[in-house]
Every structure is written in structure tokens, then in C-alpha cells.
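Structure first, then comments.
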Amino acid sequence: MATFISEGKVVTLRYDLHEGGPGGELLERMDVNYPLTFLFGVGKMLPAFEAHLRDLSDRGEFAFTLPPDDAYGAKRADQVLTLPKSLFAERDGAVPPGLLTPGNHIRLTANDGVVHTGRVVRLDGAEAIIDFNHHMAGRTLYFTGAVLHVREATADEVVRGHHLEETGVRR
């Protein structure tokens, strides 16, 4: 008997993610050797992503597009910050070599303790321009794939809010 995707189910998928459509750049691949497994309906996946998977069963195939507003949003200019290089200095006052290389991803902790990841865009004198937009912001995402397995979540998984591997360890 088929099991269908809904809240309280652990879902395992394989998929290809392309930018824009079927012929777009391949951004991500989760295959049968490295599938995506998650607990459906607990708010850890994009809501529109889950909406397209709802009610599919084992071996069900899917193809759908998420525009930026249903995915990671538009790129926002207010998420590109100009920060003093001195902010990245260690105790000796020096910025670690290579840290502020354009393209590098860096993590900063805000005063409230929240960690933010940004990408170094460029250096401009004593300042660094850092883009804190999600790396998929502004992109139209096209998913194709198949459901590999759907099962009932265990009570422990429901309480923890995520799936557990057979070993009982979160993956």
C-alpha cells in the first residue's frame, strides 16, 4: 500500500535543481546515493517546495518551478553591507591573510548572537563589501526528481522535529 507525503512523514527524495528551467545551470543534485531526507511539515523546508510534494507517494515523480518570491526572495540591496576591514581583525590587529578574498564566505555573529553568513564581494580601501543575501536569492529554481521513500515518523522524530537515521543520529 502506498504512503503519501503529508505532515508527520519522513520523505526521501532524489532531485536535480536547475536555475530558471530544464536547460538552466545545474545548481544542486541529490541522487540515490546522497538523497535528501527530511521530516515533512515542520517548517525546515521552503513552504512552496513542500506544497509541490504534498500527496505524492513512493516513486512519484515531480517537476516544478519556484520563482524567487516562493524560494529565497529577491536579492536585497540592504543585505549588501560595507564594513570596516578592522571588524575582521584578530587580537593582534591583523586581518587573517586570505579571509577577505572576494568570493570567500565568512560568518559574523551579531550582537543578539545570531550568526550570519556572507560572501565577500570586493575590497574598497579600508572597507569590505559583504553580501548577506542567501546564495539562491533572486533565482528561479526548477526541480525535477522522484520520491524514493515515504514513511511514518517515529514519536522521537516528531518530538525532535527532524528525522533520525537508523542509528538514531540526526543526519
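Computed over heavy atoms, backbone and side chain alike; hydrogens, waters and symmetry mates excluded.
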**Asked** Would Glu157 and Lys9 count as a salt bridge (Lys or Arg N to Asp or Glu O under 4.0 Å) if you check the C-alpha gap in whole Å, the side-chain angles of each, and the deciding distance to 0.1 Å?
**Response** CA-CA 10 Å; Glu157 290 170 321; Lys9 301 289 194 293; over 6 Å; no
**Message:** Is the shortest side-chain heavy-atom distance between Tyr72 and Leu46 below 4.5 Å?
**Reply:** yes
**Message:** Has Asn133 got a side-chain atom pairing as donor or acceptor with Arg76's backbone, closer than 3.5 angstrom?
**Reply:** yes
**Prompt:** Any idea how Tyr142 and His18 line up, ring-wise: parallel (<30°), tilted (30 to 60°), or perpendicular (>60°)?
**Reply:** tilted
**Message:** Within the 4.5 Å heavy-atom criterion, are Thr37 and Val11 side-chain neighbours or not?
**Reply:** no
**Asked** Just wondering, more than 12 heavy atoms not from Arg151 lying within 6.0 Å of its CZ?
**Response** yes
**Message:** Under a 3.5 Å distance rule, please check whether Glu127 uses its side chain to pair with a backbone N or O of Pro84 as donor and acceptor.
**Reply:** no
**Asked** Is there side-chain contact between Arg54 and Leu56, with at least one heavy-atom pair below 4.5 Å?
**Response** no
**Asked** Between the side chain of Lys44 and the main-chain N/O of Gly161, is any donor-acceptor distance below 3.5 Å?
**Response** yes
**Request:** Give the C-alpha distance, both sets of side-chain angles, the deciding distance and a yes or no for salt bridge (Lys or Arg N to Asp or Glu O under 4.0 Å) between Asp16 and Arg29.
**Result:** CA-CA 5 Å; Asp16 286 346; Arg29 173 172 283 152; 2.6 Å; yes
**Prompt:** Under the 4.5 Å side-chain heavy-atom rule for ILVMFWY, direct or indirect, which residues accompany Leu123?
**Reply:** Leu81, Leu83, Leu87, Phe88, Val95, Leu99, Leu100, Ile106, Leu108, Val120, Ile130, Phe132
**Request:** Find out whether Leu17 and Met136 are in side-chain contact, i.e. whether some heavy atom of one side chain is under 4.5 Å from a heavy atom of the other.
**Result:** yes
**Flag, side chain of Asn104 to backbone of Gly98, donor-acceptor distance under 3.5 Å** = yes
**Hphob cluster co-occupancy, Leu141 + Leu36, side-chain heavy atoms under 4.5 angstrom** = yes
**Prompt:** Do Arg14 and Met30 come within less than 4.5 Å of each other through their side chains, counting heavy atoms only?
**Reply:** no
**Asked** What do you reckon, is CG of Asn111 surrounded by more than 12 foreign heavy atoms closer than 6.0 Å?
**Response** no
**Request:** Using a 4.5 Å cut-off on heavy atoms from C-beta on, say whether the side chain of Thr140 contacts that of Pro68.
**Result:** yes
**Asked** With side chains defined as the heavy atoms from C-beta onward, is the minimum distance between Val114 and Thr109 less than 4.5 Å?
**Response** no
**Asked** Hey, what do you get for NE2 (His163) to CZ (Phe40), rounding to the nearest 0.5 Å?
**Response** 15.5 Å
**Gap between atom CZ of Arg139 and atom CG of Leu66 - 0.5 Å precision** = 14.0 Å
**Message:** With a 4.5 Å cut-off on side-chain heavy atoms, are Ile129 and Val80 touching?
**Reply:** yes
**Asked** Any chance the rings of Phe62 and Phe143 have centres within less than 6.0 Å?
**Response** no
**Message:** Who clusters with Val42? Use side-chain heavy atoms, under 4.5 angstrom, across I, L, V, M, F, W and Y, and order the result by chain and number.
**Reply:** Val10, Leu39
